[in-house]
> 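Submitted below is the structure of interest, expressed as structure tokens.
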Amino acid sequence: MAVITFADALNQAIKEEMRRDKSVFIMGESIRGGIYGVTGGLSQEFEAMRVLDTPLSESAFMGAAVGAAAVGLRPIISSLSSFYWVAMDQMVSQAAKMTYMFGGQVRLPIVYRAGMTYGNNIAAHHSDRPHPMFMNMPGLKIVMPTTPADAKGLLKTAIRDDDPVIFFEDNTLMGARGDVPEDMDFLIPFGVADVKQAGTDVTVVALGGMLPRALAAAVQLKGEGISVEVVDPRTLVPLDKQAILDSVAKTGRLVVVDMAHKTCSAASEIAAMVSQEGFWNLRAPIQRVASLNVHFPFSPALEKLVFPNEEKIIAAVKRTLE
Amino acid sequence: MAVITFADALNQAIKEEMRRDKSVFIMGESIRGGIYGVTGGLSQEFEAMRVLDTPLSESAFMGAAVGAAAVGLRPIISSLSSFYWVAMDQMVSQAAKMTYMFGGQVRLPIVYRAGMTYGNNIAAHHSDRPHPMFMNMPGLKIVMPTTPADAKGLLKTAIRDDDPVIFFEDNTLMGARGDVPEDMDFLIPFGVADVKQAGTDVTVVALGGMLPRALAAAVQLKGEGISVEVVDPRTLVPLDKQAILDSVAKTGRLVVVDMAHKTCSAASEIAAMVSQEGFWNLRAPIQRVASLNVHFPFSPALEKLVFPNEEKIIAAVKRTLE
Amino acid sequence: MIEDKELMVEMLRRMLCIRYFDEQAVELVQRGELVGAVHAYIGEEAVAVGACLALRDNDYMTGNHRSHGHPIAKGGDVRRAMAELLGKSTGYCKGKGGSMHLADFSIGILGESGILASALPVAVGAALATKIRGEKRVVAAFFGDGASNEGTCHETMNLAAIWKLPVIFVCENNQYAVTTRFTEVVATPNICDRAAAYNIPGVLVDGQDVVAMYEAVSEAVERARLGLGPSLIEGRTYRYQDHSEGLRRIVRDPYRAEEEIAYWRTRDPILLQRNRLMEMKMASEAEIALMEAAERARIAEALQFARQSPYPAPEEVFDDLFSNPIPIDRS
Amino acid sequence: MIEDKELMVEMLRRMLCIRYFDEQAVELVQRGELVGAVHAYIGEEAVAVGACLALRDNDYMTGNHRSHGHPIAKGGDVRRAMAELLGKSTGYCKGKGGSMHLADFSIGILGESGILASALPVAVGAALATKIRGEKRVVAAFFGDGASNEGTCHETMNLAAIWKLPVIFVCENNQYAVTTRFTEVVATPNICDRAAAYNIPGVLVDGQDVVAMYEAVSEAVERARLGLGPSLIEGRTYRYQDHSEGLRRIVRDPYRAEEEIAYWRTRDPILLQRNRLMEMKMASEAEIALMEAAERARIAEALQFARQSPYPAPEEVFDDLFSNPIPIDRS
Ligand SMILES: Cc1ncc(C[n+]2csc(CCOP(=O)(O)OP(=O)(O)O)c2C)c(N)n1
Ligand SMILES: Cc1ncc(C[n+]2csc(CCOP(=O)(O)OP(=O)(O)O)c2C)c(N)n1
Ligand SMILES: [Mg+2]
Ligand SMILES: [Mg+2]
């Protein structure tokens, strides 16, 4: 175990898997220079053909990952969520649909690393959090780690998985530090939520960078005598429904915190699921705390209003107790 | 009033608005020949520059609609939902974000006609129903008519609206016939749901082509002594929340029927909204009846299993009464 | 001109096989036995056959919605193809793909894509993999004149060019995208002129002449195997049928003249190769008649196989969504 | 060579204005007063200024993330631009856009796009509108060497070419996309070589020479106004700063040599035009010094304006999402 950052944990996972399996390679824009902090050192260690700087042609290289995977390699794509729009067709028509459409003839072991930048005054064009859209499309596994250890363990699992995985990296977490195992086979399975903090009054399900905020809210609420159970789903497809339902069975109250826009968010899905499958345990309306249904404005004066924070989570928890 | 088909109602709306306002024009692939049935006769009546056959360059022409609108024209785009993936960036980064990002300097009166083909054995690449994804993106108005009259009235409203509207046309309804007003100013406002059938036991909210199935289910259930209220939201953004909440206040039970994949569907959103805002009126778990979380298979033996039908709706209604 | 008689005869055989397959498919649509969309390749057979015969068995290929010609040309199994068209579980994709989505990964057929130009990145990715592995395989990527206007064409041709990937971009210029003539939507006289933008060879070929296609693609394949990068081959060809079967009911506008179709029928690729084989004394009329009968029988047998095959069972509907299945909401 | 002294001087003035504006922006980033990303245009001023001075006031323009040069060159207001950079309500976009998203629709600046090549369809759409209306306006679309590899470039150039739309595609080839040199990712020696694929003029211009840019774009504008369609102008240029401010902290790889930067500084566009004005006796050293002082003062005043301006009020956060507002969930 060593204490490292979230970014370095991702870097370790990529390096370890590239050492372990020669079929793993990585592509992206200016990644050899380590532009987004995570891919540093790869070009020094691995052959040039395994660390590829691409032209700004996302459709071509995100789709090329499909072709390379279809014939046996294991590509990793490195990009930001906001640049997936231009490659959306390759994500949907090829990556998501190919295995099914061709009757299971082909495996597509691809990891699409999708950084999410928001909350850093980078305005609407660079602040996308599109995980709910991809959840609506069958055929994609969707991961969103919250801690350095999970980042490493889930990324290694993703690289070894035989299906396309979209690996959302919340940039607000990149500098977070934590204990990370050094075991080469440290893998975290998909579909297993992590109860970050046990509690009895209200369940808070929080995604990615929302988790530290939810934990901070829980501390604050504890001071007010409210016991919050904080659940980190870790993967959205598959979703550990049981862990959420079990928690709600105990608390009877649910708040879901999602950095996506509220309408048709992952929070909406979790709320809908619980309102169906956990209905009889609910003792209060389900609260969603998500980004407002508006684009991310640039101005520091406005942007902070748009995404969830501790106060909004606390208020939502209290609403469930009214 | 005259009885015409859904397709002809759309055709009427386009023709009437093009006659009324010279700034309206239409673009799409092979539309002059009337390939998707709706654009027939336009090229005979209007000047060539107002009925444009485009190359297969969706990103260019769907984005060109933004540019043309930004300087004062009112473009209509004619395409299928499955072809929007290749133009996704233009829909998101330009159409949806531009007005806000530029502080309201620009109006974008555009109608994106998005045909949804499914249930006709056309396989995964041509069977998309992506309205929930667009609902997750602020800045787009989203319409989905269910009757010939609504098709006409809503399309005319959409053409006269100053914002980008995605107008989903459910191809299973294209041949449906109904009374359609001939009034040049027959407009149906956005955000006003239509209660298609009053009932007291269960509310069924049904979108687009799901509506006739819901109405058929209601007839069948009536025979069994179950009174179903059927609500057609007509527009998804804005959503007439009040109409749905009012109905649930009466019935205490809700089934939402959506042709999109279940996870993160419009049905999920409506369920989440009611589980929050209508919670205290609910007497049973909310049921979502949506397409299975799997791609549309080609085989007639399989495809029919994937999307909602009368039986599934009936079963869901009965589950709310258990 | 090719000396290899066996090859010359095989060219005709494969073209006949495609022709009869598609004639059968059209008939099945007309009879209502085949549901969904069918885009017949009739008239264009020389493009796929000439190109695919220039490949080795372990080379790769991707295609599009006009999808029966490419896999048959590449050596696919007409029984499994026909079963797929009928949505049967013995089909290539267990009935999940249908007419527009044939694929046989075991012999390098990486699939036909219904979304236009969408398979080009897949082709480039397969080529990248061969380069990373140091193999000598090449990839043929078929796409239409209409699809050539998609942005993905630009991205993939440039990517293949800068990385010198072994891709043969085969543009099947049948001169129309549905009702739109290519001269109205392509700014250069020929689509292959665009090769200049990528510093790669661009060759215009008579797409009705299977030997010409074979020779042009062979040259491109040789370049590719030598590590010299991609080529763009434009086969100028023609389709006799509607864009898709049944479309004439909807599209009333006669976008092309009957005389044009009649002219192109005089340049039928099968007719041309048939005559050539006889002129070159590589096959007699009787031998060709035998071959025709054999190919017809093959299709008839394939249809019988397809008809007798079972439909997929309802419980298969979620199969193959993932290779490593996960628990998902199946309700 | 241009005889119009006023124009020649105005070229220098606008370049100075951009230079000082961006130097100020860089300093504000360093001091932490400006948050978010800033992509400085320093070194590239001649491209935008030469191009925009070839336009009329009611012509249109679109740009990209390297976004301050284009609007200032087109005649934008530095006060409102600076206020936007600081996120103030007096900014061009009421603080909602920030550095990467300046726009002034009142003078045809249709906006800078942070997503690469994503504004090209917008430019083409504006050009289409002028054609539909029978106006004589043209559109200049700025994009980078990196962006030239996006599929959208292909689609828009082809569309503009076949419809003969009045678009000037201005490629600012500053030779790098972040750390990636264009020679590694573009298959032809010059980006303008790709014009061949669209049958349009493709011109390589010394992007450090504002007069050369002006002349090349003027010719393209003339063609466009005559209805002869689009042109592709490549201005070969260079940026002195990091890709974006502060990036050097992250990117350790020195992707370009110090000598290369030093060489390009000898070809500074402001220096070249300054010298030319003096050689041609169009301006004296003293006159230029006065102009420099005036431009510095303009920027200082703009900064003061921006600083004194209020931030947008919280209740404005939902404003401008729609032009015809609708009830949406605001919680
Ligand atoms: C991205 C996309 N846009 C539009 C379509 C609809 N469509 C299917 S085939 C076709 C025409 C294709 O023309 P071409 O590429 O020349 O191939 P051909 O049919 O002539 O073989 C069109 C427009 C599609 N499938 N995908
Ligand atoms: C579609 C898309 N991909 C990637 C990026 C990230 N990005 C921003 S600027 C840039 C480099 C752009 O290079 P170029 O087009 O040459 O413009 P320059 O910065 O050199 O002016 C990249 C990769 C983006 N903004 N949009
Ligand atoms: Mg064609
Ligand atoms: Mg550049």
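Heavy-atom basis, side chains included; hydrogens, waters and symmetry copies ignored.
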> Can you see which heavy atom on B:F102 is nearest to which on D:G111, and at what distance?
CZ-CA, 3.5 Å
> Please report the closest heavy-atom contact between D:N324 and B:K141, naming both atoms and the distance.
O-NZ, 2.7 Å
> Can you see which heavy atom on B:Q94 is nearest to which on D:S113, and at what distance?
NE2-OG, 3.3 Å
> Nearest 0.5 angstrom please: D:S331 OG to B:E277 CD, how far?
6.5 Å
> Most heavy-atom pairs under 4.5 angstrom with chain B, which of D:I328, D:T130, D:V317?
D:V317
> Give a yes or no on whether the backbone of B:Y100 and the side-chain of D:K96 come within a donor-acceptor separation of less than 3.5 Å.
no
> Pick one: which of B:D161, B:L108, B:D163 meets side chain to side chain contact (heavy atoms under 4.5 Å, CB included) with D:S323?
B:D163
> Using heavy-atom distances under 4.5 Å, tell me whether D:D319 contacts chain B through its side chain, its backbone, both, or neither.
backbone
> Can you find a heavy atom in the side chain of D:R137 that is under 4.5 Å from one in the side chain of B:V71?
no
> Any chance CG of D:D57 has more than 12 other-residue heavy atoms, nucleotides or ligands included, within less than 6.0 Å?
no
> So which atom in D:D320 and which in B:T99 form the shortest heavy-atom distance, rounded to 0.1 Å?
O-CG2, 3.2 Å
> What distance separates D:L128 CG from B:T54 OG1, expressed to the nearest 0.5 Å?
11.0 Å
> Which bit of B:M62 is near chain D, if near means a heavy-atom gap under 4.5 Å: side chain, backbone, both or neither?
neither
> Checking D:L102 against chain B: side chain, backbone, both or neither under 4.5 Å from a heavy atom?
backbone
> Apply side-chain contact (heavy atoms from CB on, under 4.5 Å) to the pair D:I132 and B:E47, showing each step before the final yes or no.
CA-CA 10 Å; D:I132 290 178; B:E47 326 149 47; over 6 Å; no
> Within a strict 4.5 Å, meaning less than it, do heavy atoms of the D:R133 and B:L73 side chains meet?
yes
> Which atoms of D:A123 come close to chain B, meaning under 4.5 Å heavy atom to heavy atom: side chain ones, backbone ones, both, or neither?
neither
> For chain B, which candidate among D:G125, D:P312, D:G108 shows the most heavy-atom pairs at distances under 4.5 Å?
D:G125
> Measure distances from D:E84 to the heavy atoms of chain B and classify the residue's part below 4.5 Å as side chain, backbone, both or neither.
neither
> Using a 4.5 Å cut-off on heavy atoms from C-beta on, say whether the side chain of D:L321 contacts that of B:P138.
yes
> Would a 4.5 Å heavy-atom cut-off, applied to side chains only, mark B:M273 and D:D329 as touching?
no
> Sort out for me which of D:S118, D:A103, D:G97, D:G114 touches chain B most, counting heavy-atom pairs under 4.5 Å.
D:S118
> For chain B, which candidate among D:L120, D:I115, D:V124 shows the most heavy-atom pairs at distances under 4.5 Å?
D:I115
> In terms of heavy-atom proximity below 4.5 Å to chain D, should B:Q105 be classed as side chain, backbone, both, or neither?
both
> Are B:M101 and D:C93 close enough that some pair of their side-chain heavy atoms sits under 4.5 Å apart?
no
> Minimum heavy-atom separation for D:I326 to B:P238, with atom names?
CD1-CD, 3.6 Å
> Of the non-hydrogen atoms in D:F105 and B:A70, which two are nearest, and what is the gap between them?
CE2-CB, 4.1 Å
> Looking only at heavy atoms and a cut-off of under 4.5 Å, which of B:L239, B:V106, B:V237, B:L140 has the most pairs with chain D?
B:V106
